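Inspection log for the structure reproduced underneath, given as C-alpha coordinates.
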2 protein chains.
Amino acid sequence: MTNEVRLLRFLAQDMTQAELGKRVGLTRQTIAAIEQGRYSPSLDVAFRIAHLFGKRVDEVFHWQPGGDQGMETASSDAG
Amino acid sequence: MTNEVRLLRFLAQDMTQAELGKRVGLTRQTIAAIEQGRYSPSLDVAFRIAHLFGKRVDEVFHWQPGGDQGMETASSDAG
DNA sequence: ACGTAATGTCAAACATATATAACATAATGT
DNA sequence: ACATTATGTTATATATGTTTGACATTACGT
(Lines give C-alpha, C1' and ligand atoms only; values in the text may rest on other atoms or scores of the structure.)
Protein backbone atom coordinates (compact mmCIF):
# COMPACT_ATOMS: atom_id res chain seq x y z
CA MET A 1 0.00 0.00 0.00
CA THR A 2 1.71 3.16 -1.25
CA ASN A 3 0.34 6.70 -1.27
CA GLU A 4 0.74 10.18 -2.74
CA VAL A 5 0.43 12.08 0.52
CA ARG A 6 3.94 13.52 0.46
CA LEU A 7 3.61 14.63 -3.16
CA LEU A 8 0.19 16.19 -2.58
CA ARG A 9 1.54 17.96 0.46
CA PHE A 10 4.28 19.57 -1.62
CA LEU A 11 1.80 20.52 -4.32
CA ALA A 12 -0.35 22.20 -1.68
CA GLN A 13 2.02 25.10 -1.12
CA ASP A 14 4.59 22.94 0.67
CA MET A 15 2.25 22.18 3.53
CA THR A 16 4.24 20.72 6.43
CA GLN A 17 3.54 17.37 8.05
CA ALA A 18 2.51 19.20 11.20
CA GLU A 19 0.10 21.42 9.29
CA LEU A 20 -1.45 18.47 7.46
CA GLY A 21 -1.75 16.58 10.69
CA LYS A 22 -3.46 19.50 12.34
CA ARG A 23 -5.95 19.82 9.48
CA VAL A 24 -6.97 16.20 9.42
CA GLY A 25 -6.76 15.66 13.15
CA LEU A 26 -3.56 13.61 13.38
CA THR A 27 -0.10 14.18 14.83
CA ARG A 28 2.92 14.90 12.64
CA GLN A 29 4.42 11.56 13.65
CA THR A 30 1.37 9.76 12.31
CA ILE A 31 1.56 11.70 9.03
CA ALA A 32 5.24 10.78 8.73
CA ALA A 33 4.46 7.11 9.34
CA ILE A 34 1.67 7.11 6.78
CA GLU A 35 3.84 8.82 4.16
CA GLN A 36 6.51 6.18 4.70
CA GLY A 37 3.94 3.41 4.44
CA ARG A 38 4.84 2.11 7.90
CA TYR A 39 1.15 1.31 8.26
CA SER A 40 -2.06 1.97 6.39
CA PRO A 41 -4.40 4.43 8.09
CA SER A 42 -7.98 3.83 9.07
CA LEU A 43 -10.61 4.32 6.37
CA ASP A 44 -11.83 7.41 8.16
CA VAL A 45 -8.36 8.98 8.13
CA ALA A 46 -7.93 8.05 4.46
CA PHE A 47 -11.16 9.87 3.63
CA ARG A 48 -10.14 12.93 5.61
CA ILE A 49 -6.76 13.16 3.89
CA ALA A 50 -8.18 12.55 0.41
CA HIS A 51 -10.91 15.12 0.97
CA LEU A 52 -8.43 17.73 2.11
CA PHE A 53 -6.59 17.41 -1.20
CA GLY A 54 -9.80 17.20 -3.23
CA LYS A 55 -9.04 13.65 -4.35
CA ARG A 56 -10.69 10.27 -4.10
CA VAL A 57 -9.28 7.74 -1.65
CA ASP A 58 -8.02 5.53 -4.48
CA GLU A 59 -6.24 8.51 -6.04
CA VAL A 60 -4.26 9.08 -2.87
CA PHE A 61 -3.76 5.52 -1.64
CA HIS A 62 -2.69 2.82 -4.07
CA TRP A 63 -3.68 -0.70 -3.21
CA GLN A 64 -2.90 -3.83 -5.19
CA PRO A 65 -4.77 -7.11 -4.80
CA GLY A 66 -2.41 -9.65 -3.37
CA GLY A 67 -0.11 -6.92 -2.16
CA ASP A 68 -0.86 -8.36 1.23
CA GLN A 69 -2.99 -11.46 0.70
CA GLY A 70 -4.47 -13.32 -2.23
CA MET A 71 -8.16 -13.23 -3.10
CA GLU A 72 -10.56 -13.21 -6.03
CA THR A 73 -13.22 -10.97 -7.52
CA ALA A 74 -16.95 -11.57 -6.96
CA SER A 75 -17.44 -11.81 -10.74
CA SER A 76 -14.69 -14.43 -11.04
CA ASP A 77 -17.10 -16.73 -9.23
CA ALA A 78 -20.23 -15.86 -11.21
CA GLY A 79 -18.74 -15.51 -14.65
CA MET B 1 -19.84 6.49 7.74
CA THR B 2 -22.40 4.32 5.98
CA ASN B 3 -21.80 1.63 3.38
CA GLU B 4 -23.38 -0.50 0.68
CA VAL B 5 -21.87 -3.80 1.73
CA ARG B 6 -25.15 -5.47 2.61
CA LEU B 7 -26.78 -4.36 -0.64
CA LEU B 8 -23.81 -5.44 -2.74
CA ARG B 9 -23.79 -8.77 -0.95
CA PHE B 10 -27.44 -9.34 -1.93
CA LEU B 11 -26.75 -8.30 -5.51
CA ALA B 12 -23.89 -10.79 -5.63
CA GLN B 13 -26.14 -13.87 -5.65
CA ASP B 14 -27.13 -13.42 -2.02
CA MET B 15 -23.63 -14.03 -0.79
CA THR B 16 -23.70 -14.70 2.95
CA GLN B 17 -21.77 -12.71 5.54
CA ALA B 18 -19.65 -15.77 6.22
CA GLU B 19 -18.87 -16.21 2.52
CA LEU B 20 -17.95 -12.56 2.10
CA GLY B 21 -15.82 -12.71 5.20
CA LYS B 22 -14.04 -15.78 3.91
CA ARG B 23 -13.31 -14.11 0.58
CA VAL B 24 -11.87 -10.92 2.00
CA GLY B 25 -10.17 -12.55 4.96
CA LEU B 26 -12.48 -11.47 7.77
CA THR B 27 -14.83 -13.25 10.15
CA ARG B 28 -18.61 -13.10 9.74
CA GLN B 29 -18.85 -11.09 12.97
CA THR B 30 -16.61 -8.43 11.52
CA ILE B 31 -18.67 -8.28 8.32
CA ALA B 32 -21.84 -7.89 10.40
CA ALA B 33 -20.27 -5.09 12.43
CA ILE B 34 -19.11 -3.27 9.32
CA GLU B 35 -22.53 -3.59 7.65
CA GLN B 36 -24.15 -2.11 10.73
CA GLY B 37 -21.61 0.70 10.80
CA ARG B 38 -20.54 -0.25 14.32
CA TYR B 39 -17.04 0.79 13.27
CA SER B 40 -15.24 1.75 10.10
CA PRO B 41 -12.84 -0.89 8.82
CA SER B 42 -9.18 -0.41 8.04
CA LEU B 43 -8.31 1.07 4.65
CA ASP B 44 -6.89 -2.26 3.62
CA VAL B 45 -10.14 -4.06 4.42
CA ALA B 46 -12.12 -1.36 2.61
CA PHE B 47 -10.01 -1.89 -0.51
CA ARG B 48 -10.43 -5.66 -0.32
CA ILE B 49 -14.22 -5.43 -0.01
CA ALA B 50 -14.57 -2.80 -2.74
CA HIS B 51 -12.33 -4.80 -5.06
CA LEU B 52 -14.36 -7.95 -4.52
CA PHE B 53 -17.48 -6.17 -5.75
CA GLY B 54 -15.65 -4.40 -8.56
CA LYS B 55 -16.28 -0.98 -7.03
CA ARG B 56 -14.20 1.91 -5.82
CA VAL B 57 -13.84 2.45 -2.08
CA ASP B 58 -15.94 5.61 -2.21
CA GLU B 59 -18.69 3.74 -4.05
CA VAL B 60 -18.98 1.24 -1.24
CA PHE B 61 -18.25 3.42 1.80
CA HIS B 62 -19.92 6.79 2.11
CA TRP B 63 -18.12 9.38 4.16
CA GLN B 64 -19.26 12.92 4.86
CA PRO B 65 -16.96 15.71 6.03
CA GLY B 66 -17.93 16.61 9.54
CA GLY B 67 -19.74 13.34 9.97
CA ASP B 68 -17.26 12.84 12.76
CA GLN B 69 -15.25 16.07 13.06
CA GLY B 70 -15.13 19.41 11.30
CA MET B 71 -12.38 20.38 8.91
CA GLU B 72 -11.72 22.30 5.72
CA THR B 73 -10.45 21.67 2.22
CA ALA B 74 -6.87 22.46 1.19
CA SER B 75 -8.20 24.82 -1.49
CA SER B 76 -10.37 26.64 1.05
CA ASP B 77 -7.13 27.94 2.49
CA ALA B 78 -5.46 28.91 -0.77
CA GLY B 79 -8.43 30.77 -2.22
C1' DA C 1 -40.98 -31.32 16.48
C1' DC C 2 -36.30 -31.40 14.92
C1' DG C 3 -31.99 -30.02 12.45
C1' DT C 4 -29.63 -26.62 9.83
C1' DA C 5 -28.25 -22.15 7.83
C1' DA C 6 -28.01 -17.13 8.30
C1' DT C 7 -27.80 -13.50 11.30
C1' DG C 8 -27.45 -10.60 15.79
C1' DT C 9 -24.90 -9.91 19.79
C1' DC C 10 -21.72 -10.19 23.64
C1' DA C 11 -17.19 -10.72 26.32
C1' DA C 12 -12.47 -11.56 26.33
C1' DA C 13 -8.16 -11.77 23.99
C1' DC C 14 -5.18 -10.05 20.46
C1' DA C 15 -3.34 -6.93 16.62
C1' DT C 16 -2.62 -2.62 14.97
C1' DA C 17 -3.42 2.45 14.51
C1' DT C 18 -2.61 6.66 16.85
C1' DA C 19 -0.95 9.86 20.64
C1' DT C 20 2.57 11.60 23.60
C1' DA C 21 7.17 12.59 24.83
C1' DA C 22 11.75 12.57 23.87
C1' DC C 23 16.00 12.88 21.22
C1' DA C 24 18.42 13.26 16.74
C1' DT C 25 19.78 15.56 12.12
C1' DA C 26 19.73 18.97 8.25
C1' DA C 27 18.55 23.50 6.61
C1' DT C 28 17.55 28.36 7.44
C1' DG C 29 18.11 32.95 9.40
C1' DT C 30 20.07 36.01 12.92
C1' DA D 1 27.60 30.32 17.19
C1' DC D 2 22.86 30.19 18.25
C1' DA D 3 17.82 29.66 17.67
C1' DT D 4 14.20 27.92 14.85
C1' DT D 5 11.77 24.89 11.67
C1' DA D 6 10.90 20.54 9.34
C1' DT D 7 11.66 15.93 9.49
C1' DG D 8 13.14 11.10 11.10
C1' DT D 9 12.87 7.90 14.68
C1' DT D 10 12.10 5.41 19.03
C1' DA D 11 9.60 3.76 23.36
C1' DT D 12 5.56 3.60 25.84
C1' DA D 13 0.69 4.15 26.44
C1' DT D 14 -4.12 4.34 24.75
C1' DA D 15 -7.87 3.57 21.37
C1' DT D 16 -9.90 0.82 18.12
C1' DG D 17 -10.27 -2.93 14.71
C1' DT D 18 -10.49 -7.96 14.50
C1' DT D 19 -10.73 -12.80 16.15
C1' DT D 20 -12.51 -16.44 18.85
C1' DG D 21 -16.06 -18.69 21.34
C1' DA D 22 -20.46 -18.74 22.92
C1' DC D 23 -25.52 -18.20 22.99
C1' DA D 24 -29.89 -16.34 20.95
C1' DT D 25 -33.50 -15.62 17.16
C1' DT D 26 -35.57 -16.33 12.65
C1' DA D 27 -36.51 -18.89 8.54
C1' DC D 28 -36.47 -23.11 5.87
C1' DG D 29 -36.76 -28.15 4.94
C1' DT D 30 -37.61 -32.80 6.78
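Per chain, numbering begins at 1; letters A, B, ... match sequence-line order. Note that the structure is predicted; figures quoted are calculated from it, not measured. Quick note: numbers below take in every heavy atom, side chains included, and nothing from hydrogens, waters or symmetry partners.
Both Arg9(B) and Ser42(B) lie near DNA chain C, and the one whose nearest nucleotide falls closer to the 5' end is Arg9(B).
Atom CD1 of Ile31(B) and atom P of dT18(D) are 9 Å apart (whole Å). For the pair Glu35(A) CD and dA6(D) P, the interatomic distance rounds to 14 Å; values are reported in whole Å. The nearest whole Å value for the distance from the CD atom in Gln17(B) to the C1' atom in dT7(C) is 6 Å. A straight line from CG of Leu20(B) to P of dT18(D) spans 13 Å, rounded to a whole angstrom. Protein atom CZ of Phe10(B) is 7 Å distant from nucleotide atom P of dT7(C), rounded to whole Å. Atom C1' of nucleotide dA19(C) and atom NZ of Lys22(A) are separated by 18 Å, given to the nearest angstrom. Rounded to whole Å, atom C1' of dT10(D) lies 13 Å from atom OH of Tyr39(A). One interatomic measurement links the two molecules: CG of Asp14(B) to P of dA27(D), which rounds to 16 Å at whole-angstrom precision.
Within 4.0 Å of Thr27(A), counting heavy atoms only, lies at least one base atom of the nucleic acid. In this structure, Thr16(B) reaches the sugar-phosphate backbone alone: every heavy-atom distance under 4.0 Å involves primed, P, OP1 or OP2 atoms, never a base. Here Gln36(B) lies in heavy-atom contact (under 4.0 Å) with sugar-phosphate atoms only. Within 4.0 Å (heavy atoms only), Arg38(A) reaches at least one base atom of the nucleic acid.
From His51(B), atom NE2 reaches atom CG of Asp58(A) across 13.0 Å, with rounding to the nearest 0.5 Å. Note: Met15(B) CE to Lys22(B) NZ = 11.5 Å, rounded to the nearest 0.5 Å.
Between the side chain of Gln29(B) and the base of dG21(D), at least one donor-acceptor pair of N or O atoms lies under 3.5 Å.
The existence of a salt bridge linking Arg9(B) and Glu35(B) is confirmed by a sub-4.0 Å separation between a basic side-chain nitrogen and an acidic carboxylate oxygen.
OP1 or OP2 of dA21(C) has not a single side-chain nitrogen or oxygen of Arg28(A) nearer than 4.0 Å.
Of all nucleotides listed (dT18(C), dT18(D), dT7(D)), dT18(C) comes nearest to the side chain of Val45(A).
A donor-acceptor distance shorter than 3.5 angstrom exists from the side chain of Asn3(A) to the backbone of Ile34(A), with no hydrogens or angles considered.
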Kindly indicate, with the supporting measurements, whether the criterion side chain to side chain donor-acceptor pair (under 3.5 Å) is fulfilled by Trp63(A) and Asp44(B). CA-CA 8 Å; Trp63(A) 177 87; Asp44(B) 192 68; 3.2 Å; yes
